[in-house]
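To start, I am sharing the structure in question, which I have written as structure tokens.
Each chain gets a letter, A, B and so on, in the order the sequences are listed, and its residues count up from 1. Quick caveat, the model's predicted, so the values are computed rather than measured.
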Number of protein chains: 2
Amino acid sequence: MSSLSDAGNMELDAQPGAEPVPKPGAPLHGEVLTRLRDYIVEGHIADGARVPERQLCDMLGISRTPLREALKVLAAEGLIDLLPNRGARVRSLTVKDISDLCDVMGGLESLAGRLACERITDEEIAQIEQVHYEMYRFYLRKDLPGYFHCNQTIHEQIVAAARNDVLAVSYASFASRLRRVRYSANLDKQRDRWGQAMREHELILDALRRRAGEEIGDLLFRHLRNKRMAVLESLEASDPA
Amino acid sequence: MSSLSDAGNMELDAQPGAEPVPKPGAPLHGEVLTRLRDYIVEGHIADGARVPERQLCDMLGISRTPLREALKVLAAEGLIDLLPNRGARVRSLTVKDISDLCDVMGGLESLAGRLACERITDEEIAQIEQVHYEMYRFYLRKDLPGYFHCNQTIHEQIVAAARNDVLAVSYASFASRLRRVRYSANLDKQRDRWGQAMREHELILDALRRRAGEEIGDLLFRHLRNKRMAVLESLEASDPA
DNA sequence: GGATGCAATTTTGCATTCATTTTTCCGATC
DNA sequence: GATCGGAAAAATGAATGCAAAATTGCATCC
């Protein structure tokens, strides 16, 4: 897991597995895209910093053409900005951007919950319950990272249960964009509403068991809205960007 | 407006304004991307047909590099499929794809409605009311195209009133993907629920006036769900793809 | 000492080129 | 007549080349 300490190095990290072996049937572009997206999402380049084509080419062991194709896609995804004749920069999210992203995540999760109620199986609910109880144990132990991981898993399980590929892809994309924020957000503010979040999860799970679509949609929307408030408060406490 | 008749021509249409004058400061890539997206969304290339790089290059008067960059972006947007070594094809939407897309649009519009209730001004509501009454006149006159146009405008106004750029961009992208379907969907089925749709719009507008966020979210979700059913029925009636 | 102007270097955007892969075409075979 | 095989043609994926723009470095001037 990458720490904050290496974020924003002017010198790029050593190539994370620059394979000198050119795989025969591998579509280079897709590989580069995934690798570059992870590299940026994980925070190896500082907010607003230039994305140096040459260095990345060397790092990945490819020419500029496929790299530039990947950059265009990442720009379309909203991860970077492309300034004409002035290169690519990692998009620095404003508070408004983060707020907007959280709201959209809320809308998508709300939708996922509604759809999941129509399509989820008992087995899937059992799996979610299992993770839920695991999460509860982390809560009791005050293990925030463990809790976060379970929390994320549950939300992903709900999205998966919605059986909507368009939603799943879109959700993953927005989640990526928000993942960058994690590294700078102050986590203490999130502790304050930890108990509340647990209670909300109880309600969500209960509504899911009853397949109460409208109710779960509303619960998830509010749940994300509350999380958004916590994230925004934590940002304003630490970073006025 | 492009008709169905020219959709899927093997011969591509004459270049829509292939300017031989290379503008100095214009970022070619963005221009190409927009042009190509419109070209595909408008249905100039048949479902599942190849997107011929060479011909498009000639048509747009550019080399393959910027074109291929645009293709990668369009593939990321879900408009085309990129098959390794076998070129790009216009993504033919399955019924499931269309269903998924409609549901996601419903989720986003539901979200837009909720957020709009928090942020919309009286002036914006007045503007929506104006378009609403115009739409009602089209309804009375049985003018389906006019009705559709007003309908689309109202939904866009609600999205705009949500003051969420991420939502707006995402909404526009999904709307593009669905726009291709319009050209093949049988419209008669939509006539059947025309009256119902009008009544739903009355309720939505009323909830918006009262800033009843939760209610409008639910109304919009159901509204899009009903539209989805109509679209799916019309597809199965005309095209089993 | 700091601001300004200008040339050298770097970077960007796009075109072109090259190696592979795929498709097409055409004759041989059954 | 249909099918298979293989060479020719075309298309694709990626690298390289080149002109224009931006950045840098440095000397000059105030």
Please report, rounded to the nearest Å, how far the P atom of D/dT16 is from the CZ atom of A/Arg64. 12 Å
Return the value, rounded to whole Å, for the distance between atom CD of B/Glu53 and atom P of C/dT21. 17 Å
Please check the phosphate of D/dT12 (OP1 and OP2 only) for any side-chain N or O of B/Arg50 closer than 4.0 Å. yes
Base of D/dG13, side chain of B/Arg86 - is there a donor-acceptor contact under 3.5 Å? no
Options D/dG17, D/dG13, D/dA14, nucleotide nearest the side-chain atoms of B/Asn85: D/dG13
Taking NZ, NE, NH1 and NH2 as the nitrogens, is one of them in B/Asp47 or B/Arg180 under 4.0 Å from a carboxylate oxygen of the other? yes
Separation of C/dT12 P from A/Lys72 NZ (nearest whole Å): 10 Å
Partner of A/Leu93 by side chain to side chain contact (heavy atoms under 4.5 Å, CB included), out of A/Asp100, A/Leu235, A/Leu101: A/Leu101
So does B/Arg68 get a side-chain nitrogen or oxygen closer than 4.0 Å to the phosphate oxygens (OP1/OP2) of D/dA15? no
Atom-to-atom span, NE2 of B/His29 to C1' of D/dA21 - whole angstrom: 18 Å
How many whole angstroms separate atom CD of A/Glu69 from atom P of C/dG13? 14 Å
B/His223 and side chain to side chain contact (heavy atoms under 4.5 Å, CB included): which single residue from B/His155, B/Glu109, B/Arg228 fits? B/His155
Over how many whole Å does the gap from B/Leu60 atom CG to C/dA15 atom P extend? 11 Å
If you go through the side-chain atoms of A/Ser63, does one of them form a donor-acceptor pair with the base of D/dA14 closer than 3.5 Å? no
Can you tell me how far C1' of C/dT11 sits from CG of A/Leu67, to the nearest Å? 13 Å
Heavy-atom neighbours of A/Arg225 CZ exceed 12 at 6.0 Å: yes
Could you tell me how far apart B/Ile80 (CD1) and D/dT12 (P) are, to the nearest whole angstrom? 11 Å
Counting side-chain heavy atoms from C-beta on, which of C/dC14, D/dT12, D/dT16 comes nearest to B/Thr65? C/dC14
Roughly how far, to the nearest 0.5 Å, is CE of B/Met105 from CZ of B/Phe221? 13.5 Å
